[in-house]
Protein chains: 2
Amino acid sequence: MKSKSKLNSEFVANCTCFNLRKATRAITKVFDDALKPSGLYSTQFSLLAAISVMDSATISNLSQALIMDRTTLTRNLNPLQENGWVEVSPGEDRRTKNLSLTKSGKKVLGKAMVPWKQTQKQIVESLGKKRWEDLMGQLTFAVNKVNPY
Amino acid sequence: MKSKSKLNSEFVANCTCFNLRKATRAITKVFDDALKPSGLYSTQFSLLAAISVMDSATISNLSQALIMDRTTLTRNLNPLQENGWVEVSPGEDRRTKNLSLTKSGKKVLGKAMVPWKQTQKQIVESLGKKRWEDLMGQLTFAVNKVNPY
DNA sequence: TCATAATAAGAGTATATACACGTAATTTGC
DNA sequence: GCAAATTACGTGTATATACTCTTATTATGA
């Protein structure tokens, strides 16, 4: 049988948070599956890519850019360091630390870019370019509305 | 100083997965803050609300409706059971388990509905009704595109 | 200068998420 | 009727997320 169960009641069906989290689970799975051969999770791919384009990324810097709690970022960096993809060096200020990709980190990021591009393209086409652009715009709008930084 | 760092490079700025996750972090924080006095996380609120509107919710049933891995759902139910909000009873099939809210679960859900409504209203107004409706529609569209069920 | 405030970061704790693997119960097909 | 496939669920393990509390360093101001 296994009918497609629908959730009614406004508290579930209309909840902005629930719908965002649900879509995030679904989309993350698509990217995770595609990136699997590269050895990266989609979250790790984004983190490596963010470090690679930031000039002088510190923990706080990066956490603000990602709208991610600073302690979350620290925790997420652990497996990347253990895999030798990210290097942590002392910053100018003795309180800060500079993050950068190692040669190995650049390599794995480069490898993962291939399936990333495929997946991204597939999703944009699947939604339709206009709908995808609208979605991105609305996400950005929402983030800017609720994020104080 | 703390300049608003922007992330360029298509792999970050355009990534569907990254943008969804970022927005989810931001919005989840808004709901979590609002629901804090109720003692529920927004995820737990959604889960309790989902159980309350499903008739005969089993683990697999619910996990499909939420597009959440079955084992994730099992894990997420643990704190709800420990708090005495969710009751697990044997299903008709001896393999299945029925989930339902306890009296205490209904009470805490009811209490949390007040700040939920406020926050939801605030976010809809903040985005504008049309933009919010578009966003929800696109999330649903995307989920239906990538989700096999 | 020196006490205080602000900033940068880590550790403890707890929840959220899902994959791989394993077990029990039911269904299917011969 | 019974072996094999399917279904429902749990555990081990690992990553993602963020709050609270704490430490070290830098900046401020009287």
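Protein chains get the first letters and strands the later ones, always in sequence-line order, with residue 1 at the start of each. These figures come from a predicted structure and were not determined experimentally.
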When you get a sec, tell me which of C:dA9, C:dA16, C:dA18 is the closest nucleotide to the side chain of B:Met68?
-> C:dA18
Are A:Asp33 and A:Lys29 close enough for a salt bridge, meaning some N to O gap below 4.0 Å?
-> yes
B:Lys22 NZ to D:dA18 C1': how many Å, rounded?
-> 18 Å
Contact under 4.0 Å: B:Lys29 side-chain N or O vs D:dC19 OP1/OP2 = yes
Within this structure, what is the CG-to-P distance between A:Asp32 and C:dA18, rounded to whole angstrom?
-> 9 Å
Determine, for A:Asp134 against A:Lys130, whether the closest basic-nitrogen to carboxylate-oxygen distance falls under 4.0 angstrom.
-> yes
Does any N or O donor sit under 3.5 Å from an N or O acceptor when you compare the side chain of B:Arg75 with the base of D:dT13?
-> yes
A:Gln81 has an atom CD; how far is it from atom P of C:dA9, in whole Å?
-> 13 Å
Indicate whether OP1 or OP2 belonging to C:dT26 is found under 4.0 Å from a side-chain N or O atom of B:Arg94.
-> yes
State whether B:Arg95 places a side-chain N or O below 4.0 Å from either non-bridging phosphate oxygen (OP1 or OP2) of C:dT23.
-> no
Testing D:dT20, D:dG12, C:dT15 for proximity to the side chain of A:Thr71, the answer is D:dT20
Which of the following nucleotides, D:dC9, C:dA6, C:dA9, is nearest to the side chain of A:Ile59?
-> C:dA9
Describe the nucleic acid contact of B:Thr28 in one word from base, sugar-phosphate, nothing, applying a heavy-atom distance below 4.0 Å.
-> nothing
Looking at every strand, decide which applies to A:Arg70 at a 4.0 Å heavy-atom threshold: base, sugar-phosphate, or nothing.
-> base
Any donor-acceptor N or O pair under 3.5 Å, side chains A:Arg21, B:Thr43 = no
How many Å lie between CG on A:Leu47 and C1' on D:dA16, as a whole number?
-> 11 Å
Interatomic distance where CD1 belongs to A:Ile27 and P belongs to D:dA16 [whole Å] = 18 Å
Atom-to-atom span, CG of A:Asn78 to P of D:dA18 - whole angstrom | 16 Å
Could you tell me the separation between the CG atom of A:Asn98 and the P atom of C:dA8, rounded to a whole number of Å?
-> 13 Å
Report yes if at least one side-chain N or O of B:Thr72 is closer than 4.0 Å to OP1 or OP2 of C:dA18; otherwise report no.
-> yes
Can you check side chain to side chain donor-acceptor pair (under 3.5 Å) on A:Ser42 and A:Asp32, steps first, answer last?
-> CA-CA 5 Å; A:Ser42 49; A:Asp32 275 350; 2.8 Å; yes
From the list C:dA16, C:dT17, D:dA18, which nucleotide is the closest neighbour of the side chain of B:Pro79?
-> C:dA16
What class does the angle between the rings of A:Phe31 and A:Trp116 fall in, given that below 30° is parallel, 30 to 60° is tilted and above 60° is perpendicular?
-> tilted
Please tell me which of B:Asn76 and A:Lys36 maps to the more 5' nucleotide of DNA chain C, matching each residue to the nucleotide holding its nearest heavy atom.
-> B:Asn76
Just wondering, do A:Phe18 and B:Leu66 contact through their side chains at under 4.5 Å, heavy atoms?
-> yes
Interatomic distance where CG belongs to A:Leu73 and C1' belongs to C:dA8 [whole Å] = 12 Å
Quick one: on DNA chain D, does B:Thr96 or A:Glu92 contact a more 5' nucleotide (nearest heavy atom)?
-> B:Thr96
When you check the phosphate oxygens OP1 and OP2 of C:dT17, does a side-chain N or O of A:Arg25 lie under 4.0 Å from one of them?
-> yes
Taking for each residue the nucleotide of DNA chain C bearing the nearest heavy atom, is the 5' side occupied by A:Asp33 or by A:Lys97?
-> A:Lys97
